[in-house]
Amino acid sequence: MKLGCIGDDFTGSSDLANTLAKAGMRAVQYTGVPDHAAAPDVQAGIVALKSRSIPSGEAVSQSLKALDWLLAQGCEQIFFKYCSTFDSTPDGNIGPVADALAEALDAHKVIVCPAFPGAGRSLYQGHLFVNDKLLSTSGMENHPLTPMTQPDLRICMAEQSKYSVGHVAAGTVFAGPETISQALQEQHNTGHRHIVVDAIRDADLMDIGEAAKGLPLITGGSGVALGLPRNFGCEPSAVPWNGQSGKVVALSGSCSNATRAQVALHAQNNPARELSAADVIEGRVAAQDIATWLLDAAGIPLAYSSADPAAVKEVQAEYGREACSEALEGFFADLARLLVQGGVTRLITAGGETSGAIVEGLDLKQLEIGPEIDPGVPALRARDNLVVALKSGNFGSDDFFQKAANVLGGAQ
């Protein structure tokens with residue numbers, strides 16, 4: 001294994017695995033820290049954790065355990081993957097985990113770059129944009145667990161980290177890998193350990209990747225990993241895939257603007273059933289009943305709890321944020337188990353926390369990376385008779401659910 005990756009959620013980890021596989025690396029995603037050695041042909045191992053929204057001490061502990069396993073596989077470089085919208089709070093968990101990994105690896109000049117132009121995320125003058133909007137006005141300010149109200153990542157990172165935060169501006173990045181390397185060294189010389197690096201084009205990410213050759217630790221979204229496989233002698237190649245026939249179902253727990261638009265479009269032509277957090281918490285709806293409805297429905301049936309921000313805040317105010325999250329995640333995990341037991345062979349999920357709960361609920365230990373459905377979202381083979389798509393809330397085109405069903409089924 002050459003490149004070792006630690007993801008703070010499951011959808012982001014599959015996003016990273018997709019990037020590396022397209023660039024020619026033999027990439028495998030693991031659910032949690034494996035208790036066995038990786039296969040000898042794995043070049044990039046992605047340990048997917050569910051550590052984004054847990055207490056920072058737990059996130060650090062889990063990440064360090066993942067680091068130990070990856071180093072034991074022979075990894076030459078470590079990549080800490082977090083969301084391209086920098087999902088976190090002033091307490092973490094991006095800063096504390098990045099600090100702990102940097103200390104364990106004695107790493108300096110640690111790149112901080114969540115930019116992903118292919119999905120509309122760009123980083124300019126230290127500020128993160130989602131398409132043409134600052135992060136703080138993109139809808140992410142309404143995230144139920146990690147509301148993002150500060151678009152300047154230098155400030156975000158400084159609030160979370162014990163170390164000084166520097167910056168390499170876009171004009172320097174445009175000058176190419178050598179200039180980026182020099183700028184990273186200059187920022188290091190002035191006392192900065194973490195360094196926010198601007199990027200607005202894929203070409204910028206490729207150059208940052210080249211400049212990162214030999215650095216023990218890189219942090220960011222999957223975009224900055226675009227240029228890393230080339231450092232290990234890999235070249236882009238087609239990702240092999242055999243589609244899966246059989247029953248397909250979609251489950252959505254994301255409340256992002258993108259997912260709510262996807263749900264609205266999909267419901268026009270497919271059976272769709274909304275799940276209320278209050279009904280789940282109060283026990284007014286049973287997973288078995290929803291599973292039966294989904295299994296009996298035609299087309300690509302969808303069960304969703306993707307409410308608008310005002311409705312989410314109202315329920316959270318009544319029951320508490322953690323209670324709502326735990327209830328819905330547990331419900332979706334139970335529902336997924338019943339669906340697979342009932343014969344579902346293609347499962348589409350939307351939302352990082354929802355996807356993580358479902359992967360854990362189904363006890364999926366390892367995911368083989370398939371072709372890309374939409375930027376950042378690959379098809380994944382979980383078992384001989386089960387394929388899945390794990391979509392981050394803000395990713396995907398409006399027709400994502402239909403597109404995912406087609407690609408999981410073998411369409412190219």
Side-chain angles (χ1 to χ4, degrees), residues 1 3-52 62 66 69-70 73 75 79 81-83 222 225 229 238-244 246 248-251 332-333 336-337 339-340 344-392 395-396 400 404-405 407-410:
M1 193 180 290
L3 180 65
C5 308
I6 302 167
D8 69 354
D9 84 333
F10 294 139
T11 57
S13 295
S14 63
D15 170 16
L16 175 59
N18 173 63
T19 297
L20 298 173
K22 288 195 303 178
M25 294 195 92
R26 163 74 169 129
V28 174
Q29 178 174 333
Y30 305 95
T31 302
V33 181
D35 57 5
H36 56 83
D41 64 336
V42 177
Q43 296 171 303
I46 302 95
V47 177
L49 304 175
K50 199 166 179 286
S51 59
R52 180 172 296 172
Q62 291 183 20
W69 183 83
L70 290 166
Q73 310 311 306
C75 290
F79 189 100
K81 163 68 173 69
Y82 42 78
C83 189
S222 66
V239 180
W241 180 252
N242 291 315
Q244 182 73 47
V248 57
V249 165
L251 303 176
F332 276 116
R337 282 192 292 267
L339 290 170
V340 172
V344 166
T345 58
R346 290 178 287 164
L347 185 61
I348 304 163
T349 72
E353 300 299 323
T354 303
S355 297
I358 287 171
V359 168
E360 290 183 336
L362 292 174
D363 196 28
L364 306 179
K365 298 297 188 184
Q366 183 170 310
L367 299 171
E368 299 290 336
I369 313 305
E372 186 173 69
I373 299 168
D374 265 335
V377 191
L380 302 165
R381 180 162 291 281
R383 298 172 183 160
D384 289 343
N385 60 348
L386 179 65
V387 293
V388 298
L390 310 176
K391 185 188 82 72
S392 176
F395 281 12
F400 174 79
V407 174
L408 291 177

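In what follows, residues are counted from 1 in the order of the sequence shown. Values reported hereafter were calculated over all heavy atoms of this structure, with side chains retained and with hydrogens, waters and symmetry mates removed. Nothing here was measured: the structure is a model prediction, and the numbers come from that model.
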Report task. Carefully, step by step, assess K50 and Q62 under the rule side chain to side chain contact (heavy atoms under 4.5 Å, CB included). Result -> CA-CA 9 Å; K50 199 166 179 286; Q62 291 183 20; 5.8 Å; no

Requested in this report: I would like to know whether F400 and K391 meet side chain to side chain contact (heavy atoms under 4.5 Å, CB included); could you show each step before the answer?
Outcome: CA-CA 9 Å; F400 174 79; K391 185 188 82 72; 3.4 Å; yes

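- For the atom pair CZ (R52) and CG (D8), the distance works out to 4.0 Å, reported to the nearest 0.5 Å.
- From L70, atom CG reaches atom OH of Y30 across 9.0 Å, with rounding to the nearest 0.5 Å.
- By the side chain to side chain donor-acceptor pair (under 3.5 Å) test, S392 is found to be paired with no residue, residues two or more places apart in sequence or in another chain being considered.
- Taking 4.5 Å as the limit, some side-chain heavy atom of L362 sits within range of a side-chain heavy atom of V340.
- At least one side-chain heavy atom of K81 sits under 4.5 Å from a side-chain heavy atom of S222.
- Interatomic distance, CD of E368 versus CG of L380, reported as 9.5 Å (0.5 Å rounding).
- Contact record, S13 with G7: OG-CA, 3.4 Å, taken as the closest heavy-atom pair.
- The main-chain N or O of G351 is never found under 3.5 Å from a side-chain atom of T354 such that the two would form a donor-acceptor pair.
- Proximity of a side-chain donor or acceptor of R346 to a complementary backbone N or O of L408 within less than 3.5 Å is not detected.
- Taking every heavy atom of both residues into account, T11 and G352 meet most closely at OG1-CA, 3.6 Å.
- The shortest side-chain heavy-atom distance between Q29 and Q366 does not fall under the 4.5 Å cut-off.
- The shortest side-chain heavy-atom distance between V28 and R26 falls under the 4.5 Å cut-off.
- Here the shortest heavy-atom pairing between A225 and L16 reads CB-CD1, 3.5 Å.
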Query raised in the report: Run the side chain to side chain contact (heavy atoms under 4.5 Å, CB included) check on L347 and V387 step by step: do they pass?
Result: CA-CA 6 Å; L347 185 61; V387 293; over 6 Å; no

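- Checking side-chain atoms of R381 against main-chain N and O of R383 turns up a donor-acceptor pair under 3.5 Å.
- With contacts defined as side-chain heavy-atom distances shorter than 4.5 Å, the pair P375/F395 does not qualify.
- Put simply, OG1 on T31 and NZ on K365 are 7.5 Å apart, with the number rounded to the nearest 0.5 Å.
- Of the possible donor and acceptor atoms, none in the side chain of D374 sits under 3.5 Å from a partner among the backbone N and O of V377.
- Among all heavy-atom pairs drawn from W69 and A37, the shortest one is CZ2-C, 4.3 Å.
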Requested in this report: Output, in order, the C-alpha distance, side-chain angles, deciding distance and verdict of side chain to side chain contact (heavy atoms under 4.5 Å, CB included) for L390 and L367.
Outcome: CA-CA 11 Å; L390 310 176; L367 299 171; 4.1 Å; yes

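- Side-chain contact between D9 and L49: absent, with no pair of heavy atoms (C-beta onward) separated by less than 4.5 Å.
- Rounded to the nearest 0.5 angstrom, I358 CD1 and T349 OG1 are separated by 5.0 Å.
- Here the side chains of M1 and Q43 are not in contact, with every heavy-atom distance at 4.5 Å or above.
- Summarising the geometry of P371 relative to V407, their closest heavy-atom pair is CG-CG1, 3.9 Å, with the distance given to 0.1 Å.
- The local environment of CG in D41 is crowded, with over 12 non-hydrogen atoms from other residues, nucleotides or ligands closer than 6.0 Å.
- With a 4.5 Å cut-off on side-chain heavy atoms, L3 and M25 count as touching.
- The CD1 atom of I369 sits 6.0 Å away from atom CD1 of I46, with the distance rounded to the nearest 0.5 Å.
- For the residue pair D15 and P378, the shortest heavy atom distance occurs at N-CD, 4.3 Å.
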